[in-house]
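Comments concern the structure below.
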Amino acid sequence: MKEKYLKFLAVTFFTSGVWDTVAGCLYIFCIGTGRSIDNPPMDPFYAIFLGSFFLCFAWLQFFSAFNIRRYAFNVGCLIFGRLFYVAQLYAFMIFVPDFPSTFWFTGVIDSVFTALYLFFAFKGGLRTRELFLPKL
C-alpha cells in the first residue's frame with residue numbers, strides 16, 4: 001500500500017517538473033523588460049537566469065521521479081524552495097505597493113504541489129529525516 005503512495009509522489013514530482021519547465025520557458029521567452037510580460041519590470045539577464053534555474057529544477061524532478069525513494073532528499077529541497085517562494089510571493093503582493101497580483105495562481109499551484117509532496121511522502125512511509133537530511 002505504501003508503494004502506491006510513493007508512485008503518486010513520483011507522478012506528482014514529475015508533474016511539478018512539467019510546471020517548472022513551463023515557468024522556465026515563460027521566464028526565458030516572455031517575462032522581462034521588452035518582452036510580452038513586463039510587470040514587474042525585469043532585466044532580460046535576470047529573467048533568463050531565473051528561467052535556467054527553473055529548467056534545472058525540472059530536470060531534477062523528472063529524473064528523481066524514476067527512483068523517488070532514493071532521491072527523497074530532492075523532494076525535501078523542493079518543499080523548502082516552494083514554501084519560500086510562496087511566502088515571498090504573497091508577502092510582496094500584500095506589502096509592496098503596486099506589486100502586480102498577476103502571479104497569485106502560481107502561489108496556489110506551488111502550495112498544492114507542496115501539500116501533495118508531504119501527503120504522499122508520509123503516506124508512502126518516508127520519514128522526515130529522509131526528506132530533509134541526505135543519506136550518508
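These values consider heavy atoms only, across backbone and side chains, with no hydrogens, waters or symmetry-generated copies.
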Please work out whether the ring planes of Phe54 and Phe57 are parallel, tilted or perpendicular, with thresholds of 30° and 60°. perpendicular
Which residue, Val86, Leu116, Thr106, forms the side-chain contact (heavy atoms from CB on, under 4.5 Å) with Ser111? Val86
Got a second to check how far Ser16's OG is from Arg82's CZ, nearest 0.5 Å? 4.5 Å
Do the side chain of Gln88 and the main chain of Tyr85 share a donor and acceptor less than 3.5 angstrom apart? no
Distance col, row Phe14:CZ vs Thr12:OG1, nearest 0.5 angstrom, shows 12.0 Å
Taking every non-hydrogen atom, the tightest pair across Gly17 and Ala58: O-CB, 3.2 Å
Side-chain heavy-atom pair Phe53, Asp20 within 4.5 angstrom cut-off: no
Transitive ILVMFWY side-chain link Val108 to Leu26, under 4.5 Å: yes
Any Lys/Arg nitrogen of Arg69 or Glu3 sitting under 4.0 Å from an Asp/Glu carboxylate oxygen of the other? yes
Show your reasoning for whether side-chain hydrogen bond (donor to acceptor under 3.5 Å, both in side chains) applies to Ser52 and Tyr27. CA-CA 9 Å; Ser52 69; Tyr27 269 94; over 6 Å; no
Establish whether Phe66 and Phe73 are linked, either directly or via other cluster members, by ILVMFWY side-chain heavy-atom contacts under 4.5 Å. no
Evaluate the ring planes of Tyr117 and Phe113, with Trp represented by its six-membered ring, and classify them as parallel (under 30°), tilted (30 to 60°) or perpendicular (over 60°). parallel
If I take atom CZ from residue Phe105 and atom CG from residue Asp110, how far apart are they, to the nearest 0.5 angstrom? 10.0 Å
Are any of the side-chain heavy atoms of Tyr5 and Leu126 separated by less than 4.5 Å? no
Find the distance between CD1 (Ile79) and CG (Asn74) and round it off to the nearest 0.5 Å. 11.0 Å
Using the benzene-type ring in the case of Trp, are the ring centres of Phe80 and Phe132 under 6.0 Å apart? yes
Contact check, side chains of Tyr90 and Met93, non-hydrogen atoms, under 4.5 Å: yes
Decide whether Phe120 and Ile109 are clustered together by the hydrophobic rule: side chain heavy atoms of Ile, Leu, Val, Met, Phe, Trp, Tyr closer than 4.5 Å, transitively. yes
Can you confirm whether Trp59 sits close enough to Thr21 that some side-chain heavy atom of one is under 4.5 Å from a side-chain heavy atom of the other? no
Check whether Tyr71 reaches the backbone of Gln61 with its side chain - one donor and one acceptor, N or O, closer than 3.5 Å. no
According to a hydrophobic-cluster definition based on side-chain heavy atoms being under 4.5 Å apart (Ile, Leu, Val, Met, Phe, Trp, Tyr only), do Leu83 and Leu131 belong together? yes
Any side-chain heavy atom of Phe122 within less than 4.5 Å of one from Thr128? yes
Would Ile68 and Phe63 show up in the same hydrophobic cluster when neighbours are defined by side-chain heavy atoms closer than 4.5 Å? no
Can you tell me how far apart NZ (Lys2) and CG (Leu9) are? Round to the nearest 0.5 Å. 14.0 Å
